[in-house]
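Below is one structure; the comments refer to it alone.
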Amino acid sequence: MDVAAYRRVVSTVWHRAVVVATTAGGLVTGRFSGGGHGATAVDGGHDGTGPRAAPDRAAGVPAGPARRQAARRPLSGTPARVPARRPGPAADRGTGPARSAPDTPPAAATRAGEARNERPREAGASPPAANPPTEEPRAEPRGTRRRGRAPRRRPRDTARAPAAGKGGSPPPGSFTELLERLDEFPTLRFTGDRKVTRRLDERAMPNWIVTCWDALKALEDFAADSAAGRAGGNFRAWCRNLPPGRHPFPAGKVRMKESETVRCKSAWRRERMLPVPRTVHPSGRVYMEAHLRIGAGNAVSPRLHFHDDTAGTGLLYIGYIGPHLTNTRTT
């Protein structure tokens, strides 16, 4: 065999090998990519039907590597890259065409708000301003700024003025001064020992003098009512049912009688036999068991003993203002 014949054999073998390789590559490519123009996939398409076919060389479609490169090239007149569209859930499952996802609540609310804002405008109407001017606050009339609130009230002066006497004078500052002002009570008569009353100033408390002065004013009003027949009972009952316009005195501080022990004990009873005019009693003394509590809290605890003779002489007699007289508690 000469050289020329050998070259022809080798060329023929090589050409056939290339054709076989190209055909095999085209068949493999059509199996995985579904075939090209004019060719059917190896499996007969997506549904697996139809005969197997080789690439259509008559149509001018390249085979093998050239075919793959041609498939990768973009078509003329089309963009190089097309944004991929993500299929919907139905397309992924292969049950039907892709459907768009429903609007989420925020998106639906946004669209509803836009629809409300897009109202038809009248011809020639200008769009509303983004920030409408706010009205300046009007000046309130004087005296109306606190409208709706309760007006403030000035607190009342709760400090009580000193109790005044019959003539509106303030109470005395001592028991000595009190004795000097007894003439301010025309229906009262003091028949007791003034020295005993003055000695109260050595150990007196301020409220004792005020309480004693209030007692004298109440006794004066009671004596006037009793002499006129308007009292309706003793001093204690009068204090409980105080007539209008009269000076009050606590009924709890009034004792109209002493205990049975004090009455029966001669020494204690004798202390309460206090002086009165003989026009009241021939002996010049009467048993004054009715008394008022002027003070308490210590051994002095002053008392005021009195005798009501408004039914006779028209006067009320005060026979004692001094320390607590002897009884079961003092012995």
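Given the structure is predicted, the values throughout are model-derived calculations rather than measurements.
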Distance col, row Asn234:CG vs Arg240:CZ, nearest 0.5 angstrom, shows 9.0 Å
In this structure, CZ of Phe306 is separated from CG of Leu216 (nearest 0.5 Å) by 11.5 Å
Worksheet item: Under 3.5 Å, is there a donor-acceptor pair between the Asn207 and Thr211 side chains?
Response: no
Looking only at heavy atoms, the pair that brings Ala231 and Phe222 closest together is CB-CE1, 3.7 Å
Tightest non-hydrogen contact, residues Phe249 and Ala215, listed as CE1-CB, 3.6 Å
Check your understanding: With hydrophobic residues grouped by side-chain heavy-atom distances under 4.5 Å, do Met288 and Leu316 end up in a single group?
Key -> no
Minimal heavy-atom distance between Thr310 and Ala227, with the atoms involved, is CB-N, 3.9 Å
TODO: Measure the shortest side-chain to side-chain distance between Pro171 and Ile209 over non-hydrogen atoms and say whether it is less than 4.5 angstrom.
DONE: no
Practice item. Check for a donor-acceptor pair, side chain of Arg236 on one end and backbone N or O of Ala251 on the other, with a separation under 3.5 Å. Key: yes
With a 4.5 Å limit on heavy-atom distance, are the side chains of Arg16 and Val13 in contact?
-> no
Handout entry: pair Thr313-Thr279: side-chain heavy atoms closer than 4.5 Å
Key = yes
To the nearest 0.5 Å, atom CD1 of Ile318 lies from atom CG of Leu219 at 5.5 Å
Report whether Leu274 and Val276 are members of the same hydrophobic cluster (ILVMFWY, side-chain heavy atoms less than 4.5 Å apart, transitive linking). yes
So, do Asp214 and Lys253 sit near enough that their side-chain heavy atoms are less than 4.5 Å apart? no
side-chain contact (heavy atoms from CB on, under 4.5 Å) for Leu200 and Val300? Distances and angles first, verdict last. CA-CA 8 Å; Leu200 290 175; Val300 179; 3.8 Å; yes
Would a 4.5 Å heavy-atom cut-off, applied to side chains only, mark Arg285 and His281 as touching? no
**OP:** For residues Tyr320 and Leu304, determine if any side-chain heavy atom of one lies less than 4.5 Å from a side-chain heavy atom of the other.
**Re:** no
Review point. So do the side chains of His307 and Asp309 get within less than 4.5 Å of each other, counting heavy atoms only?
Key: yes
dist Glu220:CD -> Leu182:CG (nearest 0.5 Å) comes out at 11.0 Å
Closest non-hydrogen atoms of Thr187 and Ala223, given as atom of the first, atom of the second and distance, are CG2-CB, 3.3 Å
Should Tyr287 and Leu315 be counted in the same cluster of Ile, Leu, Val, Met, Phe, Trp and Tyr side chains packed under 4.5 Å apart? no
Original post:
Leu188, Val280: one ILVMFWY side-chain cluster at the under-4.5 Å cut-off?
Top reply: no
Quick one, Arg246 with Asp221, criterion salt bridge (Lys or Arg N to Asp or Glu O under 4.0 Å). Give me CA distance, side-chain angles, the key distance, then yes/no. CA-CA 6 Å; Arg246 305 300 189 269; Asp221 290 344; 5.5 Å; no
Salt bridge (Lys or Arg N to Asp or Glu O under 4.0 Å) test vs Glu289 passes for just one of Arg255, Arg269, Lys257, Arg263, namely Arg263
In this structure, CG of Leu325 is separated from CH2 of Trp268 (nearest 0.5 Å) by 11.5 Å
Taken to the nearest 0.5 Å, the spacing of Met273 CE from Ser283 OG works out to 5.5 Å
* Asked: Mind checking whether Phe190 and Ile321 have side chains closer than 4.5 Å, heavy atoms only?
  -> yes
Notebook entry, point to check: Side chain of Arg181, backbone of Leu179: donor and acceptor closer than 3.5 Å?
Noted result: no
Would you say the ring centroid of Phe185 lies under 6.0 angstrom from that of Trp213? yes
>> If we ignore hydrogens and angles and just use 3.5 Å, is the side chain of Ser11 paired with the main-chain N or O of Arg7 as donor and acceptor?
In response: no
side-chain hydrogen bond (donor to acceptor under 3.5 Å, both in side chains) test vs Thr326 passes for just one of Lys265, Glu271, Arg270, namely Glu271
Q. Can you get from Met256 to Leu292 by hopping between Ile, Leu, Val, Met, Phe, Trp and Tyr side chains that sit under 4.5 Å apart?
A. yes
Shortest non-hydrogen pair, Cys212 vs Leu178, comes out as SG-CD1, 3.8 Å
Indicate yes or no: does Arg199 engage Glu202 in a salt bridge with an N to O separation below 4.0 Å. no
What one should report as the nearest heavy-atom pair of Phe175 and Ala204 is CE1-CB, 3.8 Å
